[in-house]
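Reading through the structure tokens given below for one structure.
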Number of protein chains: 2
Amino acid sequence: MIDFKELLKEHGIAPSIQRIKILEFLEKNRIHPTADMVYQALVQEIPTLSKTTVYNTLKAFTEKGVLVALSLFENEVRYEYNTEPHIHFKCIKCGKIYDISKAFECLNNKEIEGHKVLEHHVNLKGICKNCRD
Amino acid sequence: MIDFKELLKEHGIAPSIQRIKILEFLEKNRIHPTADMVYQALVQEIPTLSKTTVYNTLKAFTEKGVLVALSLFENEVRYEYNTEPHIHFKCIKCGKIYDISKAFECLNNKEIEGHKVLEHHVNLKGICKNCRD
DNA sequence: TATCTAACTTGTAATGGTTACAAATATGTA
DNA sequence: TACATATTTGTAACCATTACAAGTTAGATA
């Protein structure tokens, strides 16, 4: 069981109830949610929750490295708990996004055509194993 | 010199003035523009141009495979002329987006963790050769 | 414990990109 | 030329996100 309160402190973020709940949700639900999905899920538990708080919190978490913001294939921002490097696969049939554990460490800290590469984001698109049948 | 009129016909798109100008702009300016950038550039030449037309046209071109829509790192859609497969590099200092001719054909038509991969989008982030000095 | 201050949360309004829609215009064909 | 269809246009609506100011909370200090 992760001590979310402690985790936030380690990242220099004061652990308010709202922040703890948001982090807990992201850690337990690896569904790459949008800000609105986070809000909808938590407003039941915290009826006074404000969307502004969700946006502010997600932004702060991303800046402090607690979360990663994703620009996947659609024009919307999604968030995920910051764990090991991995890539994303989106099914064109069901729309589900899968984490793929394979990463491309070979790309980071490399030079490509004279540019220094610090990060890489790989998004795959296709038909997932459940939709192939 | 590309015959844009003919190119549109080949893709099943009626070649109106607006559509030809938009395609011509994308082909000549490989700057991965947003819809608004396309509008701003062309409204001088076609004063009656409407943003709705630009959006409709970019959408149609993307659906017919004339253009490719990109979800890069920010939350905004950009468009580029559909040519050979390549990947993108964004400089975190100057913000410029570079095309990198290297692609990962090895990924397409492969299976990863049971999913069938049809497309791949690789976005690199770092410091470009001009900003390194 | 009481108080103070700073940080956090909230709600409303504003912003900006995108889309819906209906009217006006242009195009191709007979 | 006239008609039917497709395209363009402008306005209004929509939705995600941000700005802002006021209200609330929490930690530190005495």
Side-chain angles (χ1 to χ4, degrees), chain A residues 4-26 31-64 66-80, chain B residues 4-9 11-25 31-64 66-67 69-79:
Chain A
F4 297 107
K5 203 166 171 177
E6 206 50 46
L7 183 63
L8 287 176
K9 284 184 188 170
E10 286 165 12
H11 283 85
I13 300 168
S16 70
I17 296 288
Q18 291 86 346
R19 291 173 178 171
I20 291 171
K21 289 292 182 189
I22 290 172
L23 179 57
E24 191 179 344
F25 178 79
L26 267 292
I31 56 176
H32 313 87
T34 61
D36 191 63
M37 288 163 76
V38 174
Y39 172 78
Q40 296 300 340
L42 292 179
V43 74
Q44 301 175 17
E45 198 176 346
I46 312 173
T48 62
L49 184 64
S50 159
K51 271 201 185 178
T52 303
T53 299
V54 174
Y55 278 105
N56 289 343
T57 302
L58 293 174
K59 188 177 182 189
F61 285 6
T62 301
E63 284 169 353
K64 296 293 173 74
V66 181
L67 301 180
V68 175
L70 306 175
S71 272
L72 294 180
F73 308 100
E74 320 79 13
N75 182 27
E76 54 177 20
V77 180
R78 290 166 171 269
Y79 297 87
E80 71 174 2
Chain B
F4 296 108
K5 203 166 169 177
E6 207 49 47
L7 183 63
L8 287 176
K9 283 185 189 168
H11 283 85
I13 300 169
S16 70
I17 296 288
Q18 292 85 346
R19 289 172 178 171
I20 291 171
K21 289 292 183 189
I22 290 172
L23 179 57
E24 191 180 345
F25 178 80
I31 56 175
H32 312 88
T34 61
D36 190 63
M37 287 162 77
V38 174
Y39 172 77
Q40 295 301 339
L42 292 178
V43 75
Q44 302 176 17
E45 198 176 346
I46 312 172
T48 62
L49 184 64
S50 158
K51 270 200 185 179
T52 302
T53 299
V54 174
Y55 278 105
N56 289 344
T57 302
L58 293 174
K59 189 179 181 186
F61 284 6
T62 302
E63 283 168 356
K64 295 295 172 74
V66 182
L67 301 180
L70 307 175
S71 271
L72 294 179
F73 309 100
E74 322 76 15
N75 181 29
E76 55 179 16
V77 180
R78 289 166 173 268
Y79 298 87

*Give one of base, sugar-phosphate or nothing for B:Thr34, where a contact means two heavy atoms less than 4.0 Å apart.*
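The residue B:Thr34 makes no contact with any strand.
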In whole Å, what is the span from the [atom1] atom of [X] to the [atom2] atom of [N]?
{"X": "A:Ile20", "N": "C:dT9", "atom1": "CD1", "atom2": "C1'", "value": "15 Å"}
{"X": "B:Lys21", "N": "D:dT8", "atom1": "NZ", "atom2": "P", "value": "14 Å"}
{"X": "B:Leu8", "N": "D:dA6", "atom1": "CG", "atom2": "P", "value": "17 Å"}
{"X": "B:Leu42", "N": "D:dT8", "atom1": "CG", "atom2": "P", "value": "13 Å"}
{"X": "A:Leu49", "N": "C:dG11", "atom1": "CG", "atom2": "P", "value": "9 Å"}
{"X": "A:Glu76", "N": "C:dG16", "atom1": "CD", "atom2": "P", "value": "22 Å"}
{"X": "B:Arg19", "N": "D:dT7", "atom1": "CZ", "atom2": "C1'", "value": "6 Å"}
{"X": "B:Lys51", "N": "D:dG10", "atom1": "NZ", "atom2": "P", "value": "13 Å"}

*Rounded to the nearest 0.5 Å, what's the gap from CD1 on A:Ile20 to OG1 on A:Thr57? Could you check?*
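Separation between the atoms: 11.5 Å.
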*Straight-line distance of A:Lys59 NZ to A:Leu67 CG, nearest 0.5 Å*: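 Answer for the NZ-CG pair, A:Lys59 versus A:Leu67, is 14.0 Å.
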*A:Phe61 side chain near A:Arg19 side chain, heavy-atom distance below 4.5 Å*: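 Yes - at least one pair of side-chain heavy atoms lies under 4.5 Å apart.
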_Beyond-backbone contact of A:Lys51 with A:Asp36, side-chain heavy atoms, under 4.5 angstrom_ =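 The answer is yes, as the side chains (C-beta and beyond) meet within the 4.5 Å cut-off.
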_Just N and O in the side chain of A:Tyr55: are any of them under 4.0 Å from OP1 or OP2 of D:dT17?_
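So the side-chain polar atoms of A:Tyr55 do come within 4.0 Å of the phosphate oxygens OP1 or OP2 of D:dT17, strictly under.
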*asked:* Can you tell me if B:Gln18 touches the phosphate of C:dA26, counting only side-chain N or O atoms and a distance under 4.0 Å to OP1 or OP2?
replied: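 Checking C:dA26 against B:Gln18, no side-chain N or O comes under 4.0 Å of OP1 or OP2.
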Among [options], find the nucleotide with the atom closest to the side chain of [X].
{"X": "B:Thr53", "options": "D:dA16, D:dT9, C:dT10", "value": "D:dT9"}
{"X": "A:Ser50", "options": "C:dG11, D:dT9, C:dT18", "value": "C:dG11"}
{"X": "A:Ser16", "options": "C:dT18, C:dT10, C:dC8", "value": "C:dC8"}
{"X": "B:Thr48", "options": "D:dT9, C:dT9, C:dT18", "value": "D:dT9"}

*A:Thr53 side chain vs A:Leu49 backbone, donor-acceptor pair below 3.5 Å*: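 Absent.
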Please list, pair by pair, any protein nitrogen or oxygen found under 3.5 Å from a nitrogen or oxygen in nucleotides 19-28 of chain D.
residue	atom	partner	partner atom	Å
D:dA19	N6	A:Thr52	OG1	3.3

*Given A:Val66, A:Ile31, A:Val38, the one that forms side-chain contact (heavy atoms from CB on, under 4.5 Å) with A:Leu26*: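 One option only clears the test, and that one is A:Val38.
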_Candidates A:Leu58, A:Ile46, A:Ile17 - the one meeting side-chain contact (heavy atoms from CB on, under 4.5 Å) with A:Ile22_ =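 With A:Ile22 as partner, A:Leu58, A:Ile46, A:Ile17 yield a single side-chain contact (heavy atoms from CB on, under 4.5 Å), made by A:Leu58.
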